[in-house]
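Here the structure is laid out as structure tokens; the discussion comes afterwards.
Read the numbers this way: they start at 1 and go in the same order the structure lists the ligands and their atoms. These figures come from a predicted structure and were not determined experimentally. The chain is numbered in sequence order, starting from 1.
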Amino acid sequence: MNVTRGFTGRRRVSRPGLPPGQYDAGDDWPVLSAEVTPDLAPADWSFRVDGLVERPHTWSWDEAHALPGSAYEGDIHCVTGWSKFGVRFGGVSLDAFLSVVGPHVSATHVLARSHTGYTANLPLADLTGGRAWIAWSYDGGPLAQEHGGPARLIVPHLYFWKSVKWVAGLTLLDHDEPGFWEGNGYHERGNPWQEQRYRGD
Ligand SMILES: Nc1nc2c(c(=O)[nH]1)N[C@H]1C(S)=C(S)[C@@H](COP(=O)(O)O)O[C@H]1N2
Ligand SMILES: [Mo]
């Protein structure tokens, strides 16, 4: 059988804002987790930024909430084919965390990790300039556990596998180091507009 890579069986309806090869999931928000959803209370959550930084730091739930709030309203794109339009996440911009730790000039990449062990790698530049968040609210309410609550990374301009759920921290590196899916053949960067789904795309 000849299967077009990326074909999901859904009817393709193109609409503005829909990257190539994606479909609009409408009101659905599929859950995609490689691990069992952890029962992580806000009091047990922490977020650490270390590696090539001047001042490594760990934030508690309350300390993270004391940083200036920031929201993302827009679209998200999963590499399995669904896109979701007009989502609203609230939390804190990663710029606020990074300005506390002070990245070294030598830092080029980041390995993001979950409290469950899942990891994803990203170019540092994709986490700055108001394009990435630590998010704990969705549509004005708390972020559901299966969607990464109490808090997750949100990097909406890249495929959603980079948006680590139950995020525990970031390590800044001077080289790229594959995370969970990247080590299994997925693309290092994952730009949906260039269909960077698999290594070599
Ligand atoms: N910790 C963790 N984060 C994760 C994943 C995961 O398996 N574990 N899956 C990724 C993938 S492939 C996608 S598409 C999104 C899915 O987020 P959702 O379940 O809230 O839709 O989370 C990403 N972050
Ligand atoms: Mo995904």
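The side chain to side chain donor-acceptor pair (under 3.5 Å) search around Arg113 returns Thr171, not counting sequence neighbours. Applying the side chain to side chain donor-acceptor pair (under 3.5 Å) criterion to Asn184, with sequence neighbours excluded, gives no partner residue. The side chain to side chain donor-acceptor pair (under 3.5 Å) test applied to Ser33 returns Lys165, not counting sequence neighbours.
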ring-ring contact (aromatic ring centres under 6.0 Å, His included) assessment of Trp133 paired with Phe89: CA-CA 9 Å; Trp133 291 262; Phe89 286 103; 8.9 Å; no
Audit row: Asp126, His157, side chain to side chain donor-acceptor pair (under 3.5 Å) steps and yes/no: CA-CA 8 Å; Asp126 279 310; His157 68 285; 2.7 Å; yes
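Looking only at atom types and distance, the side chain of Asp201 has no donor-acceptor partner in the side chain of Gln194 under 3.5 Å away.
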Report every pair formed by an N or O atom of ligand 1 and a protein N or O atom separated by less than 3.5 Å, giving atom names and the distance to 0.1 Å.
from     : atom 1 : to     : atom 2 : distance (Å)
ligand 1 : 1 (N)  : Glu35  : OE2    : 2.9
ligand 1 : 1 (N)  : Ser114 : OG     : 3.4
ligand 1 : 1 (N)  : Lys165 : O      : 3.2
ligand 1 : 3 (N)  : Lys165 : N      : 2.9
ligand 1 : 7 (O)  : Ala34  : N      : 2.6
ligand 1 : 7 (O)  : Glu35  : OE1    : 3.1
ligand 1 : 8 (N)  : Glu35  : OE1    : 2.8
ligand 1 : 8 (N)  : Glu35  : OE2    : 3.1
ligand 1 : 9 (N)  : Leu32  : O      : 3.1
ligand 1 : 17 (O) : Arg152 : NH2    : 3.2
ligand 1 : 19 (O) : Leu32  : N      : 2.9
ligand 1 : 19 (O) : Lys165 : NZ     : 2.6
ligand 1 : 20 (O) : His147 : ND1    : 2.6
ligand 1 : 20 (O) : Arg152 : NH1    : 2.8
ligand 1 : 21 (O) : Trp29  : NE1    : 2.9
ligand 1 : 21 (O) : Pro30  : O      : 2.7
ligand 1 : 22 (O) : Arg152 : NH2    : 3.2
ligand 1 : 24 (N) : Ser163 : O      : 3.0

